[in-house]
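Chain naming here is simple, since letters A, B, ... match the order of the sequence lines and numbering starts at 1 in each.
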There are 2 protein chains.
Amino acid sequence: MGEVLSSSSRKEQVIRVAAELFREKGYVASSMRDLAQKLGIEAASLYSHIKSKEEILHILCFDMAADFMASLEEVEKQQDLPASEKLRKGIIGHIQVMAQDLTASAVFMNEHRHLSQPSLRDFLLMRIRYINRFKGMIEEGVATGEFKKSIDKKLAVMTLFSSLNWMPMWYDPKAAIEPVELGFQLADMLINGLKQNK
Amino acid sequence: MGEVLSSSSRKEQVIRVAAELFREKGYVASSMRDLAQKLGIEAASLYSHIKSKEEILHILCFDMAADFMASLEEVEKQQDLPASEKLRKGIIGHIQVMAQDLTASAVFMNEHRHLSQPSLRDFLLMRIRYINRFKGMIEEGVATGEFKKSIDKKLAVMTLFSSLNWMPMWYDPKAAIEPVELGFQLADMLINGLKQNK
DNA sequence: TGCAAAACCTAACGCCCGTTATGCTGGAAG
DNA sequence: CTTCCAGCATAACGGGCGTTAGGTTTTGCA
């Protein structure tokens, strides 16, 4: 009963190599012939494994999105936590998902806009919903007095995601700091700021 | 004495329209025929005004870079300011330069990697130097006790620039908040954090 | 009014793109 | 030993790309 489950090994390998290529040169500047060469095969042979160039991008983007969603749902289960703690866990989760696959994360971040409709619309809707759930944590924190009343919530959440999403661009996995510690420090910096508290 | 000064009006118009196109679709996905159509002329006619597609990108990136540098030098003239205040002014300056031309800023940010050598190398060197001067402000703040000793300086400066550089992606110039106020709040958020100080 | 210069056009170039159609091959499964 | 099929190759398609060559139109100024 050969299951549909087995997308198997070769397709995944194609996608992984494609992710590296897309990160280096960008989606549009990466040709199927480039990708084939990296795999040691001819361009036409790629179509035994994937339906189109865009399918690769689609898989990369939506698989990452699913991981982000799953991570966030884990955090939101813990309803009794203070907002700042929920936010901290959300940030760490987000960082951990990224650290799991920095290459795919970079593609997710920078290349998703080359998805065509209706995938692009779906993707953007998903992202807005994700961001709004973080915005909710910030608003909760303001409501409970944990966070300043004076902050612009849109600015705050955008700053948060800017910081998070750029991590794959500069983070070196071989560096001293580990993902969880990185997430912890990042959360601390955003929540408490750079300044010494008196 | 026909000066070299006069790059005149039409060339600048071409570049401005190209910037909009590059922001929308990305540099590689934008064709010269797209650009020509936006200007109401034929693609070949563009070459009366510019030498190549890449020249446009080069001008956009390096003109922005010059503006950033000029802004930073203004701040660094004020040597007697405390580090946190220098940092604040640096941030506000950076935001103001961006706000002056959000379209070019977005291109500067997202498309510079499509520059070819040796321009790309020059660009990246310039950017590293710029970032390091902000890093210097942070280190100064740590040395004087204004900022926490515990912060990871690389993380701090990267978070700073992530937040700054993504602004063109979400900032709406028609929104209530003005650039200087935005810069002020962003600086406050990064320096003091979200948290209510007791 | 004349004339140079700026602005634009048509036609075409060689090249690379994503993708399809079709067939070969080597090894696992019965 | 045969069958099957995943994995790959060859050849080719229609089309878009950046750019050039060379000629025409428009414009602004002496």
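Across residues 16-30 of chain A, A:S30 each have a non-hydrogen atom less than 4.0 Å from an atom of DNA chain C (numbered order). For the segment residues 108-123 of chain A, no residue has any heavy atom less than 4.0 angstrom from an atom of DNA chain D.
Applying the salt bridge (charged side-chain N to carboxylate O under 4.0 Å, His left out) test to every pair with at least one member in residues 104-123 of chain A, sequence neighbours left out, gives these pairs: A:E111-B:R113, A:R113-B:E111. Here salt bridge (charged side-chain N to carboxylate O under 4.0 Å, His left out) pairs that include residues 150-176 of chain B, with residues two or more places apart or in two chains, number zero. For residues 54-66 of chain B, every residue pair satisfying the salt bridge (charged side-chain N to carboxylate O under 4.0 Å, His left out) rule, not counting sequence neighbours, is listed here: B:K11-B:E55, B:K51-B:E55. The salt bridge (charged side-chain N to carboxylate O under 4.0 Å, His left out) contacts involving residues 89-104 of chain A comprise nothing, where partners must be two or more places apart or lie in separate chains. Residue pairs meeting the side-chain hydrogen bond (donor to acceptor under 3.5 Å, both in side chains) criterion with at least one partner in residues 72-81 of chain B, sequence neighbours excluded, are B:E73-B:R133, B:E74-B:K77, B:E76-B:R133.
A search for side-chain contact (heavy atoms from CB on, under 4.5 Å) contacts involving A:V28 returns A:H114, B:V28, B:A29, not counting sequence neighbours. Every residue meeting the side-chain hydrogen bond (donor to acceptor under 3.5 Å, both in side chains) condition with A:E181, not counting sequence neighbours, appears here in chain and number order: A:Q185. Under the side-chain hydrogen bond (donor to acceptor under 3.5 Å, both in side chains) criterion, A:K86 pairs with A:E140, not counting sequence neighbours.
Per the geometry, NZ belonging to A:K53 stands 8 Å off P belonging to C:dT19, to the nearest Å. Distance CD (B:Q37) to C1' (D:dG16): 14 Å, rounded to an integer number of Å. For the pair A:Y47 OH and C:dC17 P, the interatomic distance rounds to 11 Å; values are reported in whole Å. Atom CG in A:L46 sits about 15 Å away from atom C1' in D:dT10, given to the nearest Å. Between the C1' atom of C:dT20 and the NZ atom of A:K51 lies a distance of 16 Å, rounded to the nearest Å.
Checking B:S162 against A:S163 by side-chain atom types alone, no donor-acceptor pair falls below 3.5 Å. Between A:R10 and A:Q13, the side chains place a donor N or O and an acceptor N or O closer than 3.5 Å (distance only, hydrogens not considered). With no hydrogens or angles considered, a side-chain donor-acceptor pair links B:H94 and B:Y130 at under 3.5 Å. A donor atom on one side chain and an acceptor atom on the other are found under 3.5 Å apart for A:S84 and A:E146.
Formation of a donor-acceptor pair under 3.5 Å by the B:N165 side chain with backbone atoms of B:F161 is found in this model.
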With 3.5 Å as the limit, what N/O pairs link the protein to nucleotides 22-24 of chain D?
none

Legend entry - Where protein sits on nucleotides 8-15 of chain C, one letter per nucleotide: B base, S sugar-phosphate only, - none, heavy atoms under 4.0 Å: BBBBB---
